[in-house]
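Written below as structure tokens is the structure these notes are about.
Since the structure is predicted, the reported quantities are computational estimates derived from the model, not experimental observations. Convention: sequence-line order gives letters A, B, ...; per-chain numbering from 1.
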Amino acid sequence: MPALLAADVSSATSPVATATAAAPPASAGPDNQVFLELLGNGLLYSLNYERFFSAWNQRFGIRGGGSFITYKISSANGAGNLVLASVPVVASWYWGPSPHKLQLGLGASALYVSAATDATGQKFSSSEEGLGIAATAVVGYRYLPRDGGFTFGIGFTPLLRAGRGLLPWGGASGGFAF
Amino acid sequence: VKLRASRVFGALVVAAIANACSVVTSIAVEGADFGGASANAYCDRRYVTEGGTPSAFCQEVVGTLAASQFADDCRDNHEATTGPGLCPRAEIIAGCHLDENNSDNSQVWDWYYDVASFPDAEADGAPYFAPPVATSVAAVAAICADPTRYPQGAELAFP
């Protein structure tokens with residue numbers, strides 16, 4: 001690790017050293033990624049964009065995403081749909097040599113539910129109907145090539161919500177880094 | 001032998017897919033429930049509209065994703081009174097907690113009422129409520145234990 005840090009310092013100050021460095025800095029890598037996550041911080045699924053940045057010779061990412069599901073629960077004529085939407089926002093630290101990264105993150109997911117109605121228009125809702133917030137986290141693995149390209153990950157993504165407690169949850173994702 | 005082996009393999013694949021679908025459904029239900037998509041609903045069979053047959057019980061489903069479907073079924077199949085929430089607690093003798101494994105992890109109770117003083121009970125001298133009509137906790141316990149009524153089994157419960 002000290003050798004890597006030394007390479008980082010020299011690469012920042014000398015063009016010759018940049019050309020001859022044996023290993024690029026751990027903080028190098030793509031600036032962006034887009035990915036689809038199944039389950040995970042967005043609850044059932046989410047489409048996400050993540051912006052990477054480097055600080056203190058480490059790699060970080062800020063991610064935002066969204067999901068939207070609408071489903072007609074009752075088959076009766078006139079029945080209304082259930083709507084479930086989520087907006088996960090997660091800040092992550094990526095550790096390890098490319099392309100294999102340990103991901104540790106914290107964030108929140110905004111959850112929105114609109115209950116389905118029956119054929120008479122009567123709503124069947126829980127106490128959580130409307131907008132709510134759940135705290136969330138990520139402990140996982142991410143395949144993130146230094147030069148970008150296909151990326152995927154898998155991890156433990158628990159959610160914590162007042163009134164509902166802890167949901168031990170997980171997710172898997174795939175996408176493109178650039 | 002080859003044909004038998006391929007059939008066995010086919011059956012295993014179907015079983016694996018069915019099992020995977022069941023697991024996926026179960027996970028999705030868990031997530032939707034956490035999101036707040038599940039609700040409670042009741043179907044009060046005592047109060048029916050014209051054409052319906054009154055029964056001396058009310059069925060409630062707790063924590064279901066299909067509350068609106070349950071309500072529409074209650075109205076369409078039984079002409080009964082439905083709504084969000086739990087069955088009315090007044091006049092309940094006891095109930096049966098159904099031993100069913102619903103795909104959305106919901107719980108179902110049938111609550112049996114004391115209908116002796118029901119306004120329409122003896123309007124024309126004929127029995128107003130379809131059987132069974134319970135008059136005691138022991139009678140409700142017998143209903144719960146009746147396999148023709150509850151093939152999956154049911155346990156005596158109190159509100």
**Prompt:** Hey, which residues of residues 38-45 of chain B are touching chain A, say heavy atoms under 4.5 Å apart?
**Reply:** B:Ser38, B:Ala39, B:Asn40, B:Ala41
**Prompt:** If two hydrophobic side chains count as joined below 4.5 Å and joins carry through other members, does A:Leu39 share a cluster with B:Val23?
**Reply:** yes
**Item:** Heavy-atom proximity to chain B below 4.5 Å, by part of A:Ala85
**Value:** neither
**Asked** Is there a chain of hydrophobic side chains (I, L, V, M, F, W, Y, each step under 4.5 Å between heavy atoms) that links A:Trp95 to A:Val139?
**Response** yes
**Item:** chain B contact via A:Ile69 - which portion, at a heavy-atom distance below 4.5 Å
**Value:** neither
**Request:** Tell me, out of A:Leu43, A:Leu84, A:Leu44, who's got the most heavy-atom pairs with chain B below 4.5 Å.
**Result:** A:Leu43
**Message:** Let's test your reading of the structure: which of B:Gly85, B:Ala32, B:Gly31, B:Gly63 forms the most heavy-atom pairs below 4.5 Å with chain A?
**Reply:** B:Gly31
**Request:** Can you establish whether the number of heavy atoms outside B:Asn77 located under 6.0 Å from its atom CG is more than 12?
**Result:** yes
**Item:** Exceeds 12 heavy-atom contacts within 6.0 angstrom, atom CZ of A:Phe156
**Value:** yes
**Request:** Nearest 0.5 Å please: distance from the CG atom of A:Leu38 over to the CD1 atom of B:Ile27.
**Result:** 11.0 Å
**Message:** With a 4.5 Å cut-off on side-chain heavy-atom distances among I, L, V, M, F, W and Y, is there a chain of contacts connecting A:Val34 to A:Phe60?
**Reply:** no
**Asked** Mind checking whether B:Trp109 and B:Ile92 sit in one hydrophobic cluster, side chains of I, L, V, M, F, W, Y counted as touching below 4.5 Å?
**Response** yes
**Request:** Indicate, with yes or no, if A:Leu159 and A:Val90 share a hydrophobic cluster defined by side-chain heavy-atom contacts under 4.5 Å among Ile, Leu, Val, Met, Phe, Trp and Tyr.
**Result:** no
**Asked** Do the non-hydrogen side-chain atoms of A:Thr117 and B:Ser68 ever get within less than 4.5 Å of each other?
**Response** no
**Prompt:** side-chain contact (heavy atoms from CB on, under 4.5 Å) with B:Asp114: which residues, sequence neighbours excluded?
**Reply:** B:Glu91, B:Ile93, B:Ala116
**Prompt:** Can you pull out the residues in residues 118-126 of chain A with any heavy atom less than 4.5 Å from chain B?
**Reply:** A:Asp118, A:Ala119, A:Thr120, A:Gln122, A:Lys123, A:Phe124, A:Ser125, A:Ser126
**Message:** Please identify, among B:Ala71, B:Ala66, B:Gly35, B:Ala37, the residue contributing the most non-hydrogen atom pairs under 4.5 Å to chain A.
**Reply:** B:Gly35
**Asked** How far does CG of B:Asp76 sit from OG of A:Ser74, to the nearest 0.5 angstrom?
**Response** 7.5 Å
**Prompt:** So which residues of residues 164-177 of chain A are in contact with chain B at a heavy-atom cut-off of under 4.5 Å?
**Reply:** A:Arg164, A:Gly165, A:Leu167, A:Trp169
